[in-house]
Amino acid sequence: MIAISSISFGEEVEREVLDTLRSGIVAQGPKVKRLEDEFAALVGTRHAVAVNNGTTALIAALQVQDLQPGDEVLTTPFTFVATLNAILEAGATARFADISESDFNLDPAAAAARIGDRTKVLMPVHLYGQSADMGALMPLATTHGLTVVEDAAQAHGATFEGRGAGSFGLGCFSFYATKNLTTAEGGMITTDDDATADRLRVLRNQGMRARYQYEMVGQNYRMTDLQASLALPQMATYMQQVEARRRNAEALRVGLKDVDGLILPAELSGRGHVWHQFTLLLAEDAPISRDELSERLAAKDIGSGIYYPKAVYDYECYREHPRVVIEDTPVATSVASRCLSIPVHAALSAGDVDQIVAAVRGAMEA
Ligand SMILES: *Cc1c(COP(=O)(O)O)cnc(C)c1O
């Protein structure tokens with residue numbers, strides 16, 4: 001079976017974890033600090049603040065914005081549910097603008113049309129490892145006085161015109177097990193702003209500046225040194241892992257070129273794609289459906305994944321939610337019914353890639 005993701009840790013990780021166990025410092029300590037420093041360098045920000053997961057990173061980034069009831073966060077409907085859950089947990093109202101089929105991310109023109117008096121935060125998601133169009137979204141945010149919180153959970157090391165995804169506003173990353181970089185569960189917030197970084201550090205530790213000196217209502221959002229031990233050895237070779245993903249993506253693009261009914265994902269000009277997912281789109285007139293393609297691949301022992309099957313607001317619990325504003329997003333709705341991700345991870349061999357190409361081609365011919 002060629003799985004959609006592969007999780008394996010080398011001896012360096014085993015040694016680092018063992019070292020942490022023996023050190024006696026297992027909760028937040030010096031290894032979390034080292035991971036923060038190395039991660040800030042990867043993204044290109046002055047600060048990185050580690051937290052216990054990616055959802056928490058989004059919640060904390062919103063909590064330091066002092067949002068008032070009724071304040072809105074404008075985001076994409078084509079995302080993992082954590083994006084929406086974080087907005088609601090932070091007490092804000094969620095509104096959605098449609099995506100572009102070219103990069104699966106927020107369409108700046110659609111976003112512009114949905115900014116209103118209550119909009120306070122613009123929250124693009126850098127889906128599948130490719131940055132949203134920050135060249136258009138940042139001026140939009142500036143014009144309307146919006147804070148930018150980037151959901152970069154899938155985009156560690158991605159770039160837009162040479163700048164790191166997560167370095168434009170507050171960057172929120174996930175280190176969940178299947179992400180490009182992992183601590184099993186974990187997250188990180190990146191920022192250039194000293195005061196924001198300081199607030200986040202206090203917030204994550206019960207709002208406590210020094211022992212029993214409480215400055216704000218806080219939480220326990222801390223990462224542990226045990227978690228950081230998993231990621232530290234990965235940091236050293238991370239961009240090599242990305243290079244392997246990029247090679248696999250290119251081989252898939254070459255191998256699947258000109259298949260009738262298939263639209264291939266592309267790295268847009270000026271963007272450094274880290275290929276968290278390689279996501280096919282079935283054309284409207286494709287000979288088979290997305291679900292048929294998935295079943296035919298499974299029959300050939302090729303794993304695939306649907307990320308995501310519906311617009312994120314299109315569930316009863318959100319449709320009935322008083323703080324979820326639902327307006328049409330036709331591109332997202334259509335893409336959600338036609339997308340299928342196939343394996344692109346760094347553990348694939350050249351033979352695996354050939355097998356995937358042959359299986360997809362065979363499935364689409366029938
Ligand atoms: C994984 C993910 C998250 C949440 O991260 P967790 O670490 O699982 O909490 C948020 N947004 C997106 C787009 C994700 O893919």
Side-chain angles (χ1 to χ4, degrees), residues 4-5 7 32 35 39 43 48-63 73-90 92 94 96-97 99 103-106 121-132 134 137 148-158 165-166 169-190 200 204 219-224 226-228 230-231 234 245 265 273-279 305-313 315 318 332 335-336 339 341 344-345:
I4 185 73
S5 63
I7 302 163
V32 168
L35 183 61
F39 199 77
V43 175
V49 179
V51 291
N52 53 352
N53 62 63
T55 310
T56 306
L58 292 166
I59 294 169
L62 290 172
Q63 282 174 333
V73 179
L74 183 63
T75 191
T76 162
F78 193 56
T79 183
F80 182 54
V81 70
T83 314
L84 174 52
N85 283 338
I87 294 168
L88 297 176
E89 179 64 21
F96 302 93
I99 60 167
D103 63 359
F104 303 101
N105 289 325
L106 258 187
V121 177
L122 183 62
M123 190 186 271
V125 178
H126 307 304
L127 201 69
Y128 305 146
Q130 176 155 245
S131 169
M134 300 313 282
L137 292 172
V148 174
V149 174
E150 305 169 65
D151 183 339
Q154 305 185 0
H156 321 70
L170 274 88
C172 300
F173 294 84
S174 166
F175 299 128
Y176 179 65
T178 58
K179 300 283 154 83
N180 283 19
L181 267 169
T182 181
T183 58
E185 297 273 12
M188 194 73 84
I189 307 157
T190 50
L200 287 166
R204 100 177 139 182
Q219 291 286 341
N220 175 358
Y221 289 155
R222 296 183 304 263
M223 181 189 270
T224 69
L226 259 179
Q227 289 167 299
L230 300 187
Q234 295 171 55
R245 286 176 181 270
H273 199 322
V274 296
W275 294 102
H276 176 60
Q277 297 292 352
F278 185 98
T279 303
I306 300 169
Y307 313 110
Y308 296 90
K310 292 209 277 185
V312 71
Y313 56 72
Y315 296 84
Y318 300 118
V335 163
C339 64
S341 302
V344 72
H345 57 79

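Counting starts at 1 for both ligands and their atoms, in listed order. Treat the numbers as computed from the prediction; the structure is a model and nothing was measured.
- Taking the six-membered ring for Trp and thresholds of 30 and 60 degrees, F96 and Y313 have ring planes inclined between 30 and 60 degrees apart.
- Taking the six-membered ring for Trp and thresholds of 30 and 60 degrees, Y318 and Y315 have ring planes more than 60 degrees apart, a perpendicular arrangement.
- In terms of protein heavy atoms, atom 2 (C) of ligand 1 is closest to K179 NZ, 2.6 Å.
- Distance from atom 7 (O) of ligand 1 to its nearest protein heavy atom, with residue and atom name: S174 OG, 2.6 Å.
- In summary, the side chains of Q154 and Y307 do not present any donor paired with an acceptor at a separation below 3.5 Å, with no hydrogens or angles considered.
- Taking the six-membered ring for Trp and thresholds of 30 and 60 degrees, Y308 and F80 have ring planes inclined between 30 and 60 degrees apart.
- The nearest protein atom to atom 9 (O) of ligand 1, hydrogens excluded, is given as T55 OG1, 2.5 Å; this is a heavy-atom distance.
- Shortest contact from atom 15 (O) of ligand 1 to any protein heavy atom: Q154 NE2, 2.8 Å.
- Remark: ligand 1 atoms within the under-4.0 Å shell around heavy atoms of A82 are 3 (C), 4 (C), 10 (C).
- The distance from ligand 1 to the heavy atoms of N53 drops below 4.0 Å at these ligand atoms: 7 (O), 9 (O).
- In this structure, the side chains of S341 and I4 come closer than 4.5 Å at one or more pairs of heavy atoms.
- Near T79, the atoms of ligand 1 lying under 4.0 angstrom from a non-hydrogen atom of the residue are 13 (C).
- Ligand 1 has an N or O atom lying under 3.5 Å from an N or O atom of G54, backbone or side chain.
- Protein heavy atom closest to atom 11 (N) of ligand 1, with residue, atom name and distance, is D151 OD2, 2.7 Å.
- Residues passing the side-chain contact (heavy atoms from CB on, under 4.5 Å) test with D103, sequence neighbours excluded: S100, N105, Q130, L268, R271.
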